[in-house]
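Notes follow once the structure below has been shown.
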Amino acid sequence: MRLSRAAWLYMGATMAAGIGLVLFLRGWIPTVPSGPTFWVLLAGSLLLIPVSGYCLICLGKNVAVNMGSAVMMALLLLLPPGFAALTAAAGVALLYTLQRWEPELIAFNAAQTALTVGLAGALYWRLSPGPLATGFSLPQVAAVLTSVAAFYVVNSLVVTGAAVLLQRTRFPAYWRATFGRALVPYLSTLLLGVVAAVIFIHAPYFTPVLALPVAAVYRALRSERIVLRQTKETVELLADTIDRRDPYTFAHSQRVAALARRLADRLGLDPETCEAIARAARVHDVGKLGIPDALLRKSGSLSRREIEQVRRHAAIGAEIVGSLPEYREGKEFILYHHERYDGGGYFGLSGERIPLGARIIAVADALDAMTSDRPYRTALGEAQALAELERGRGTQFDPQVVRAVRELLTTERQSLREILADASAALPDTGKAAAHS
C-alpha cells in the first residue's frame with residue numbers, strides 16, 4: 001500500500017500518542033499487578049484477542065464487528081489502564097502479524113488500540129468510586145457506561161481519520177457508513193465485555209460458559225450474512241441471465257454498474273451511496289424477466305402495447321429487489337432509471353425530483369447501449385456517443401452527470417473501455433484499510 005505523506009504523519013502521530021499514553025498510565029499506577037488473577041487475564045487476553053479477530057462478522061461494506069472489543073472492554077475494567085492498554089495492543093499486533101498485514105498497519109492498529117483502551121480505562125478508573133468487585137452503585141454504573149461510550153468514540157474517530165487518508169474518502173461519509181451502521185452491534189459487544197468482567201470477578205470459573213451464547217450469536221449473524229450474500233448473488237445471476245438472452249446485451253449490467261460507480265465517485269458522492277448506486281445498476285434490468293424474448297430482440301418499431309409492456313420492467317425490477325436489504329436504498333434508482341430530465345420519461349418525474357442514482361444509471365445505461373452493437377445498428381465511437389449525450393443534456397440527461405462523463409473521457413485521458421476495466425476490477429473492493437476491533 002502506497003501511503004501519502006499526510007497518512008504517514010497521521011499514523012506516526014497515532015503511534016507516538018499510543019506509546020506516550022501507555023508510559024504515562026504506567027507511571028500513574030506504577031505498582032505491577034501480581035497473583036494468578038493477573039496472569040490468567042494477561043494470558044487469556046493475549047489468546048482471545050487474536051482468536052476473536054478470525055471470528056469477524058461483516059455487516060456490510062467496511063462494516064465489521066468481532067469479539068475482540070468485548071475482551072478489551074473487560075480488560076480495562078479489571079486491570080489498571082496502562083496494563084490493559086499494553087495487553088490489548090499486544091493482542092492486536094499479534095492478530096495482524098498472523099494475518100500478514102503490512103508492518104506500518106500493524107503498528108498503527110496496535111497504537112490506536114492502546115489509545116482507545118488506555119483513554120477509556122483511565123476515564124473509568126478516574127470516575128469509578130472503587131474496584132468493580134465492590135458492587136454496582138449508581139456512580140459505578142455511570143463510570144462503566146462512560147467508559148463504554150469513550151471506547152466507541154475514540155476508536156471510531158481515530159480509525160475514521162486513518163481511513164480518510166488511506167482511502168481518500170470523506171470523514172462524515174466514512175464514519176456513517178462504518179461506525180454509524182455498526183453502532184448497535186458494536187455497543188452490544190462492549191456491554192458483553194462488561195458482563196464478562198462482572199462474571200470473572202464474582203464467578204470466575206463460570207466465565208468460559210460465556211463462549212456458548214457468544215458462539216450462538218456469532219453463528220446466527222454469520223448465517224444471516226450468508227443468506228443475504230447468496231440472495232444478492234442470485235439476483236445478480238438473474239440479471240446476467242437476462243443479458244445473455246440477447247447476445248447484443250451480454251455483460252451489459254456489469255458494464256453499467258462499473259460505469260455508474262465511477263460516475264458517482266466523480267460526482268463526489270460518499271462511498272456508501274456509490275455502492276448503493278452500483279448495486280442498483282448491477283440489477284437495473286432484472287424486471288425484463290417478465291418480457292418475452294421476441295419482444296426484447298425485436299429490431300423493428302414497437303406498437304403502443306409493446307412499448308407499455310417494455311416500460312413495465314422498471315417497476316417489476318424495483319418490486320423484485322425492493323424487499324431485499326442490500327437493494328432497499330437502490331429501489332428508487334431502478335424504478336426511475338428511465339426518467340428523462342425534462343419530465344418525458346416513464347413516470348413523468350423531472351429534474352432534481354428524479355433520484356440522483358437513477359440519473360446516473362440512466363446516463364451509464366445509455367452510454368453502454370450506444371457503444372455496443374445492436375440488431376438495428378453498429379456501435380458508436382466514443383466521440384459520437386459523447387456527442388449524443390451532449391445533445392440530450394438538459395432534456396434527456398442530467399447536465400452534471402453528462403459533464404462527469406466528459407471529464408472522465410477527456411480530463412483523465414482514459415478511454416471508456418479502460419474506465420470500465422478499472423471500475424470492474426475495483427468490484428468488490430479488496431483493499432486493506434485500518435480496522436476497528
Side-chain angles (χ1 to χ4, degrees), residues 1-23 25 42 45-59 61-76 79 81-122 150-169 171 174-175 177-179 182 185-186 189-190 193 429-437:
M1 179 179 294
R2 188 175 182 179
L3 303 179
S4 65
R5 178 176 297 180
W8 277 114
L9 290 173
Y10 181 87
M11 293 172 67
T14 302
M15 295 172 201
I19 295 171
L21 180 64
V22 169
L23 293 175
L25 294 175
L42 185 64
S45 300
L46 288 175
L47 174 65
L48 288 175
I49 291 174
V51 169
S52 65
Y54 287 93
C55 300
L56 200 64
I57 302 171
C58 295
L59 304 176
K61 186 178 175 63
N62 292 332
V63 186
V65 175
N66 65 54
M67 301 312 300
S69 299
V71 179
M72 296 176 198
M73 190 69 218
L75 265 181
L76 69 87
L79 288 179
F83 294 103
L86 188 58
T87 304
V92 167
L94 178 58
L95 165 63
Y96 292 134
T97 299
L98 293 173
Q99 293 183 348
R100 298 182 179 180
W101 280 46
E102 291 84 351
E104 60 271 22
L105 293 183
I106 295 174
F108 169 76
N109 277 280
Q112 69 88 6
T113 298
L115 273 177
T116 300
V117 175
L119 289 174
F151 192 112
Y152 174 79
V153 171
V154 173
N155 186 221
S156 66
L157 293 180
V158 175
V159 171
T160 301
V164 167
L165 297 173
L166 292 172
Q167 300 183 10
R168 293 177 175 81
T169 184
F171 193 101
Y174 184 91
W175 190 93
T178 304
F179 290 95
Y186 194 176
T189 301
L190 296 179
D429 183 10
T430 57
K432 279 183 180 175
H436 66 82
S437 301

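Computed from a predicted model, the values in this text were never measured in an experiment. We count residues from 1, following the sequence as given.
Rounded to the nearest 0.5 Å, atoms CE (Met73) and OG1 (Thr189) are 12.0 Å apart. To the nearest 0.5 Å, the span separating CG on Leu21 from OG1 on Thr116 amounts to 10.0 Å. Going from atom CG of Leu86 over to atom CG of Leu79 covers 10.5 Å, rounded to the nearest 0.5 Å. To the nearest 0.5 angstrom, Asn155 atom CG is 10.0 Å from Leu115 atom CG.
Pairing each heavy atom of Ala89 with each of Ala110, the nearest pair is CB-O, 3.3 Å. Across all non-hydrogen atoms, the minimal contact from Ala114 to Ala85 is O-CB, 3.6 Å. Residues Glu104 and Met11 come closest through the heavy atom pair O-CE, 3.3 Å. In this structure, Leu95 and Pro50 approach most closely via the heavy-atom pair CD1-O, 3.4 Å. Contact detail for Ala122 and Pro81: the closest heavy-atom pair is N-CB, 3.6 Å.
Of the residues Leu76, Val71, Ile49, Leu75, the one that meets the side-chain contact (heavy atoms from CB on, under 4.5 Å) test with Thr87 is Leu75.
Under the 4.5 Å side-chain criterion, counting only non-hydrogen atoms from C-beta, Leu157 is in contact with Phe171.
Among residues two or more places apart in sequence or in another chain, the side-chain contact (heavy atoms from CB on, under 4.5 Å) test is passed with Val158 by Tyr10, Thr14, Phe108, Gln112, Val154. Remark: Tyr152 pairs with Tyr186 by the ring-ring contact (aromatic ring centres under 6.0 Å, His included) rule, at least two apart or across chains. In this structure Ala90 satisfies the side-chain contact (heavy atoms from CB on, under 4.5 Å) test together with Leu46, sequence neighbours excluded. Shown here are the side-chain contact (heavy atoms from CB on, under 4.5 Å) partners of Ala16, two or more places apart in sequence or in another chain: there are none. For the side chain to side chain donor-acceptor pair (under 3.5 Å) test, no residue two or more places apart in sequence or in another chain qualifies with Thr160. By the side-chain contact (heavy atoms from CB on, under 4.5 Å) test, Thr97 is found to be paired with Ile106, residues two or more places apart in sequence or in another chain being considered.
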